[in-house]
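Down below is the structure, laid out as structure tokens.
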Amino acid sequence: MHNDPEVIVRSPQELIGDLNEQQAQAVQFRGPALLIGAGAGSGKTRVLTRRIAWILTRFGAWPSQILAITFTNKAAAEMRERLSTLIGPVAQRMWVSTFHSACVRILRRDGERIGLKSGFTIYDTADCERLVKLIATDFNIDVKRYTPRQILARISDYKNGLTGVRETLAQYAPDFRPGTRGFRIGHIGNVEELYAIVYAEYQHRLALANAVDFDDLIVRTVELLRTQPDVAEYYRRRFRYILVDEYQDTNHAQYVLVRELAGVDSGERPSSDAVGAGRQGPAWITVVGDSDQSIYAFRGADISNIQDFEQDFPDARTIMLEQNYRSTQTILDAANAVIAHNEGRKPKKLWTAAGKGAPITGYAADTAQLEAHWIAHEIRRLHEEEGVRYSDVAVMYRANAQSRSLEEGLIQAHVPYQLIGGTKFYERREVKDALAYLQAIVNPADGINMRRILNVPKRGLGARAESMVTVWADERGLTFWQGIEQADRIEGMTTRTLNPLKRFAAMMTQLRTFAAEHDRQPSQVVAEVLAQSGLLEELQKSTDPQDQSRVENLSQLQSVAAEYEQNTPDATLAGFLETTALVADSDQLPDEAEDTGKVTLMTLHTAKGLEYPVVFLTGMEQGTFPHSRAMEDTSELSEERRLAYVGITRAKRHLYITRAAVRAQWGRASEMMPSQFLDEIPDELIDWKRREAGVERMRSGWGRGSDGGSSYGRGDDWDAGLDEFGGWDDGFAEPSYGGSAYGRSSYGSSSYGSSSYGGSSYGSSSYGSSSRGRSSSSAAAPRFGSAARERSSSSSSGNGGAHFSYGVSGSSPTSTRSSSRFGSAASASSRSGKVTTRRTSPKSSPKPASALDKDNRLDINDFHVGDKVSHDSFGLGTVLETQDKGRNSIITVDFGSDGVKRLMLRVAPIEKL
DNA sequence: ACCAGGAGCCGATAC
DNA sequence: GGCTCCTGGT
Ligand SMILES: Nc1ncnc2c1ncn2[C@@H]1O[C@H](COP(=O)(O)OP(=O)(O)OP(=O)(O)O)[C@@H](O)[C@H]1O
């Protein structure tokens, strides 16, 4: 055995001594293909880490021979961290990363071979949408009918399934040639034809722009390996052990990637004398996953990858882990009961030695606000009475939109929290603008980013200028940037446009020179861009209070760049941009050991792989969770159920499940029925603090109490007051609790900003993973103290330099106005579940008419000065003036307190009284 | 070319 | 409640 001298050799005892029988077997397993299948919390990740250490020390592998794939950057950093303690600092040099990061690395090295130049740009979803929109406009495609989103989803499906442009074209549009100028889509007999055409053009333009989208990172790497045998050979020799975590959420492209990297189909024979995978033959593959936790089908994850593993890989073995080390029996029972409702799965026997533990606590609130209120106060109670640390509590929800009311509840109760996900820092407009400059500098062929910045800040280069350059450049087969460079050769260009164009070109050239000279100091390039472009200046001059926080975001961007620079030995501008493209929500999560003193709020999806002593699953309602769009279809519903399973199994000791009887959405209130998942949990596991909401109780009649009412009583006194008095009628419009606490005062300061983006979110933790150690963010010592202080002080932790607070404005709470929407009762009893509840009107609009050809057929001549009219949003008004302009007639109405409005009659939602 | 205001459209989950 | 598109006016 030839161990890497830098690897600390661990004894078997150290590596498997504290594992159970199956775990130990999995760690030591010798063979080309191993699936560690297991239920939640059975130690899969732990086993995977130990197995890596085992391979290194017992099979004599070198760290460079290992490729370990995790689901998130965060998980990669954590695994690397654990490996460091096991085998020493060499771990930092190992390939432990997500599929995407690994592929970027491969493509940066060898992408040239398939036409990707080294500075290639990674488009995010917004960029891709812009590109599709551009194509759609060029091709005369009705984006109302075929939304860019829809088209992109289809393209993504193609890619995840490794279906290439050539195939789709051959099948659906054999005559189309991408890049044909002046192409217009005519009558499409077949939607597939349209998709195929856009897909082809989209790929064509990506190639011209030297850009890739997220899916391409995988797909093009597969292409690279498949078409360039010597490159494939290189990686096959190099990676002798490939390990993949969360294998149930891999898609087809990723599956093929693993196969290609491992050389499973190369037909090469393994060296017979090797202890492990040896030097030749297919690499040894270990995958880890739980089919019941597959929750990313919507982005192509294919559960059959894990289900068929044994058939797919020669000599594959499966080892099941069955002991759960995380949760109490009660929590496991609930999880098992729920997931048992999914059809066509192999039942698992998962057990725990932990004992029953506390019952699950249930709570049915009247509204989402009250749900949040109850949760917040319960968390505070746990903290104050039971000494639970805030950072040991997580609040989870199905969709990001739900976080708002929860945040408000927590703020009111002075519970410090940290929100993970939602709108991301790098997606903010000003940050995206600055990044677009950087992209355009690194890769001027990138037309999307170049176009984006052409007139940001305003330079008098609008749509006309843009299209003139585009047309001229297209005709000559040049890029947009080349068009700009040669703008003075464009005919018919006025000096009014030409001058700013030339200035723009000069500025960009200058910035490019600067960037080339300072490639190792991205932060300096950022600073230069901010100054030279005028981005900063425009915002600084602005009086809009929002722009103040935008300035701070930009300065934050600069400190992020500085930090990247410090933590990355071979820092480059392109490298920096790459890290910004690949950040995920989960990167905002605090480090494992860290006590932030804050409750964590996140979606169920981001919660995957995590664990918390106390978990709140919120919004347990039909339509919310399971989500309305997923309720019709069995397979989507199954996925929702798996998501519920994931959620439940995040809890170690205490699980809460809550729901609201009324939830505001689209500004309207809808009645929500209890989630069917609640019915699927055995009732005796749940201690309902409040089983029915006020509305529901009123309907089923007071006298009877709740439907079988086992545990109604205890703990009810607290909310009894709310129920009877604040709960339903008054309480909805204007909550009676807390007196005037609903007021603005508690929103003051920077609480929003610091809790969302502050702390380690975008500072240290984001970048630790990209290279070396995690920048010692351990400096952020846990602080306790008054909740309020905790919140406002947190913004200064971590990164040196600019802390930023993010606009407080516009986030004032609005108590939902109900306007009697639910007088018409669905007489269902509260726990009947199982039925679609939401009274949203069925979407049956066949052709959404564009606003252009919209006409309410009102005649201006029917209106006279002094007439009373009623407007959908402004209410009652008096006609002041009418202007007969035919189709574009204008009516001026005085709406009293809402002011005087000039309305276009054709589209105005008004009615003559 | 740019701004303001109005209307209508939507909206899951995310690398 | 939030975002984008549209319009008319500057
Ligand atoms: N042999 C063991 N002894 C004690 N604790 C263990 C053992 N194995 C795992 N654990 C603990 O159990 C918990 C769950 O482990 P881990 O996160 O690896 O599970 P998992 O299978 O990846 O879970 P999930 O699939 O739900 O994300 C962790 O807190 C881990 O430390």
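Excluded from the calculations below are hydrogen atoms, water molecules and symmetry mates; all remaining heavy atoms, backbone and side chain alike, are included. For clarity, every value in this text was computed on a predicted model and none was experimentally measured. Sequence lines set the chain letters: A, B, ... in the order given, protein chains first and strands last, and positions in each chain run from 1.
Residues Glu246(A) and Gln248(A) have side chains that bring a donor and an acceptor to within less than 3.5 angstrom of each other. With hydrogens and angles left out, the side-chain atoms of Thr470(A) and Arg451(A) include a donor and acceptor closer than 3.5 Å.
Counting only heavy atoms from C-beta on, Arg149(A) has its side chain closest to dA12(B) among dC2(B), dA12(B), dG2(C). Of the candidates dG2(C), dA12(B), dA14(B), the closest approach to any side-chain atom of Arg299(A) belongs to dA14(B). Set against dC5(C), dC15(B), dA14(B), the side chain of Lys133(A) has dC5(C) as its closest nucleotide. Distance from the side chain of Tyr296(A) is smallest to dA14(B) among dG2(C), dA12(B), dA14(B).
Taking atom CD of residue Glu427(A) and atom P of nucleotide dC3(C), one finds them 12 Å apart after rounding to whole Å. For the pair Arg459(A) CZ and dC2(B) C1', the interatomic distance rounds to 16 Å; values are reported in whole Å. Residue Asn251(A) contributes atom CG, which lies 17 Å from atom P of dA14(B) at whole-angstrom precision. Between the P atom of dC15(B) and the CG atom of Asp245(A) lies a distance of 16 Å, rounded to the nearest Å. What separates CD1 of Ile420(A) from P of dT13(B) is a distance of 16 Å, to the nearest Å. One atom, CD of Glu246(A), and another, P of dC15(B), lie 13 Å apart when rounded to the nearest Å. Atom CZ in Arg629(A) sits about 10 Å away from atom P in dC10(B), given to the nearest Å. Taking atom NZ on Lys74(A) and atom C1' on dA14(B), their separation rounds to 18 Å, with Å as the unit.
Phe99(A) comes within 4.0 angstrom of nothing in the nucleic acid, heavy atoms only. Using a 4.0 Å heavy-atom distance criterion, Glu636(A) is classed as a base contact. Across all strands shown, Thr125(A) has heavy atoms under 4.0 Å from base atoms, whether or not it also approaches the sugar-phosphate. Asp585(A) comes within 4.0 angstrom of sugar-phosphate atoms only, judged by non-hydrogen atoms across all strands, and of no base. Contacts of Asp215(A) with the nucleic acid, taken as non-hydrogen atoms under 4.0 Å apart, are absent. Within 4.0 Å (heavy atoms only), Glu466(A) reaches no atom of the nucleic acid at all. In this structure, Arg464(A) reaches the sugar-phosphate backbone alone: every heavy-atom distance under 4.0 Å involves primed, P, OP1 or OP2 atoms, never a base.
Remark: Phe616(A) pairs with Tyr656(A) by the ring pair (Phe, Tyr, Trp, His ring centres under 6.0 Å) rule, at least two apart or across chains. Every residue meeting the ring pair (Phe, Tyr, Trp, His ring centres under 6.0 Å) condition with Tyr158(A), not counting sequence neighbours, appears here in chain and number order: Tyr199(A). Judged as a salt bridge (Lys or Arg N to Asp or Glu O under 4.0 Å), and not counting sequence neighbours, Asp215(A) has no contacts. Annotation: ring pair (Phe, Tyr, Trp, His ring centres under 6.0 Å) contacts of Phe625(A) (sequence neighbours excluded): Phe677(A). With sequence neighbours left out, Arg398(A) forms a salt bridge (Lys or Arg N to Asp or Glu O under 4.0 Å) with Glu640(A). Residues that satisfy the salt bridge (Lys or Arg N to Asp or Glu O under 4.0 Å) test with Asp302(A), not counting sequence neighbours, are absent from this structure. Residues meeting the salt bridge (Lys or Arg N to Asp or Glu O under 4.0 Å) test with Arg550(A), sequence neighbours left out: Glu430(A), Asp547(A).
Residue order along DNA chain B, read from the 5' end via each residue's closest nucleotide, puts Gly460(A) first among Gly460(A) and Ser586(A). Comparing Phe71(A) and Leu461(A) by the nucleotide of DNA chain B whose heavy atom lies nearest to each, the residue mapping closer to the 5' end is Leu461(A).
The phosphate of dC2(B) (OP1 or OP2) has a side-chain N or O of Asn455(A) nearer than 4.0 angstrom. Contact annotation: Asn400(A) reaches the phosphate of dT13(B) (side-chain N/O to OP1 or OP2, under 4.0 Å).
A stacked arrangement is assigned to Phe298(A) and the six-membered base ring of dT13(B), with a centre-to-centre distance below 5.5 Å and an interplanar angle below 30°.
Taking a cutoff of 4.0 Å between a charged side-chain nitrogen and a carboxylate oxygen, Arg404(A) and Glu407(A) do not qualify as a salt bridge. At a threshold of 4.0 Å, the pair Lys432(A)-Asp127(A) counts as salt-bridged, since one of the basic side-chain nitrogens sits closer than that to a carboxylate oxygen.
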Could you list, one pair per line, each protein nitrogen or oxygen that sits under 3.5 Å from a nitrogen or oxygen of nucleotides 4-6 of chain B, together with the distance?
from	atom 1	to	atom 2	distance (Å)
dG6(B)	OP1	Lys901(A)	NZ	3.1

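A heavy atom closer than 4.0 Å to some atom of DNA chain B occurs in no member of residues 492-502 of chain A.
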